[in-house]
Amino acid sequence: MGDVLAGFHAAWEFESDSVLIRYVRGIRTPKLFQALGERRVPLEAIEGVTLTPGKRGSVVLRLETRPGADPLMEAAAGQLKESSDPYRLVLPAEQETLAEYYADELRAQLTESGPAERHLVAAPEPPLQFKAYDGKATFDGTSVAFRWFWTGASSAKWKAGDQRFPVSELSGVEWRSPEVFEGHLRLLRRDTTAPAPAQADQDPAAVVFGLGYGPVHESLPFAAAVLAAVRDCAAVPAIPSPAAAAGGVPSARRDPADIAERIRHLGELHQAGLVTDEEFSSKKAELLAEL
């Protein structure tokens with residue numbers, strides 16, 4: 001169609017095979033929309049279109065995506081507030097007739113429904129990072145890393161040390177909104193023999209939210225990007241690197257300043273009685289071996 005329908009927080013451009021959603025920047029625009037920037041939604045990812053009355057003299061045009069078509073919505077798992085739904089276009093009530101026209105035009109082009117076999121909407125591009133309450137999470141496209149904050153991380157996480165999880169070792173993600181109690185991002189691992197701790201603050205494969213840490217507009221796009229990478233990795237057979245094929249695994253060297261900082265924090269935990277003499281000596285030796 002090629003036409004553009006502009007709402008309060010976004011503009012939808014109707015193309016022959018997709019809807020391009022461009023989010024408006026502004027102080028009243030939800031931060032999640034601003035973080036996303038724009039999204040191209042293929043028609044094959046859409047299974048329905050609704051038009052309903054909104055609040056204060058407005059109407060709402062909404063795309064209904066197929067389950068599994070969008071990694072962002074899959075990660076959100078129904079936890080987004082209505083005002084942060086990226087598929088809602090809020091329009092003045094006087095544009096209801098125009099909105100109904102576009103809704104009918106879209107419905108006429110939809111041919112798919114039911115769960116999608118793969119993600120059809122692109123996830124946010126890595127590298128991505130955000131600060132949780134107990135650590136910093138980073139994702140470079142191939143692995144997720146958690147670096148603990150000594151002011152927030154539990155002793156269990158300090159004992160485990162900073163973590164790095166290759167995407168190939170993950171089966172999914174669990175995102176719990178920071179806007180509810182016990183919000184967190186937990187990485188779900190493949191082939192684990194021991195069950196994960198029930199509490200995210202005790203699980204080295206999770207970071208916890210709270211007190212302004214891990215906001216939706218930072219942690220949800222991060223979770224979606226990781227989920228998309230996990231799905232892509234599962235769909236493509238792993239190809240061993242030359243080093244792995246030869247029986248060798250290259251060792252990654254850490255920044256000496258980072259190691260020194262970790263040992264200093266470990267010493268503080270030791271002095272506070274949170275780490276035993278044996279644990280302190282063992283962990284210190286591990287850290288020094290990474291130099």
Side-chain angles (χ1 to χ4, degrees), residues 18 21 32-42 44-45 65-80 84 86-87 115-132 134-148 160 162-178 183-192 196 200 203-209 213-245 249-250 252:
S18 62
I21 303 176
L32 177 60
F33 295 178
Q34 298 187 51
L36 294 174
E38 68 176 41
R39 312 200 82 204
R40 186 177 298 278
V41 188
E44 62 177 322
T65 55
R66 298 168 59 193
D70 182 358
L72 187 85
M73 302 305 284
E74 184 177 351
Q79 298 173 77
L80 283 178
S84 295
Y87 291 117
E117 296 181 356
R118 59 185 177 85
H119 290 148
L120 300 170
V121 182
E125 290 285 340
L128 295 167
Q129 64 180 27
F130 71 92
K131 288 184 178 180
D134 56 357
K136 180 179 181 180
T138 59
F139 177 50
D140 62 7
T142 60
S143 63
V144 181
F146 293 155
R147 181 179 178 182
W148 307 122
D162 293 344
Q163 301 290 303
R164 182 171 293 276
F165 303 91
V167 167
S168 59
E169 296 179 3
L170 303 177
S171 62
V173 299
E174 177 185 86
W175 182 78
R176 292 292 177 266
S177 174
H184 63 263
L185 171 65
R186 190 194 302 267
L187 303 178
L188 307 179
R189 292 171 285 183
R190 302 179 188 274
D191 305 324
T192 54
D203 186 356
V207 289
V208 298
F209 307 147
Y213 291 93
V216 171
H217 70 280
E218 294 180 356
S219 60
L220 180 56
F222 186 103
V226 174
L227 180 61
V230 169
R231 295 286 187 270
D232 290 344
C233 185
V236 179
I239 300 176
S241 66
V249 179

(request) Decide, yes or no, whether a salt bridge links Arg40 with Glu38 under the criterion of side-chain N to carboxylate O below 4.0 Å. (result) no

Would you say [X] and [Y] make side-chain contact, with heavy atoms under 4.5 Å?
X	Y	value
Leu187	Gln163	no
Val230	Arg190	yes
Thr138	Pro127	no
Gln79	Arg176	yes
Glu74	Thr65	no

What distance separates [X] [atom1] from [Y] [atom2], expressed to the nearest 0.5 Å?
X	Y	atom1	atom2	value
His119	Leu227	NE2	CG	4.5 Å
Phe139	Leu185	CZ	CG	11.0 Å
Trp175	His184	CH2	NE2	11.0 Å
Arg147	Lys136	CZ	NZ	8.0 Å
His217	Ser219	NE2	OG	9.0 Å
Leu72	Leu32	CG	CG	6.0 Å

[Y] backbone acceptor or donor facing [X] side chain under 3.5 Å:
X	Y	result
Glu44	Ala116	no
Arg39	Ala122	yes
Arg189	Leu170	no
Asp162	Trp148	yes
Asp134	Val208	yes

(message) Are there over 12 heavy-atom neighbours, none belonging to Tyr213, within less than 6.0 Å of that residue's OH?
(response) no

Which heavy atom of [X] sits nearest to which heavy atom of [Y], and what is that distance?
X	Y	value
Ala132	Phe209	CB-CD2, 4.4 Å
Ser18	Pro42	CB-CA, 3.8 Å
Gly214	Phe130	CA-CD1, 3.9 Å
Phe222	Leu128	CE1-O, 3.5 Å
Ile21	Pro86	CD1-O, 4.0 Å
Met73	Tyr87	CG-CE1, 3.6 Å

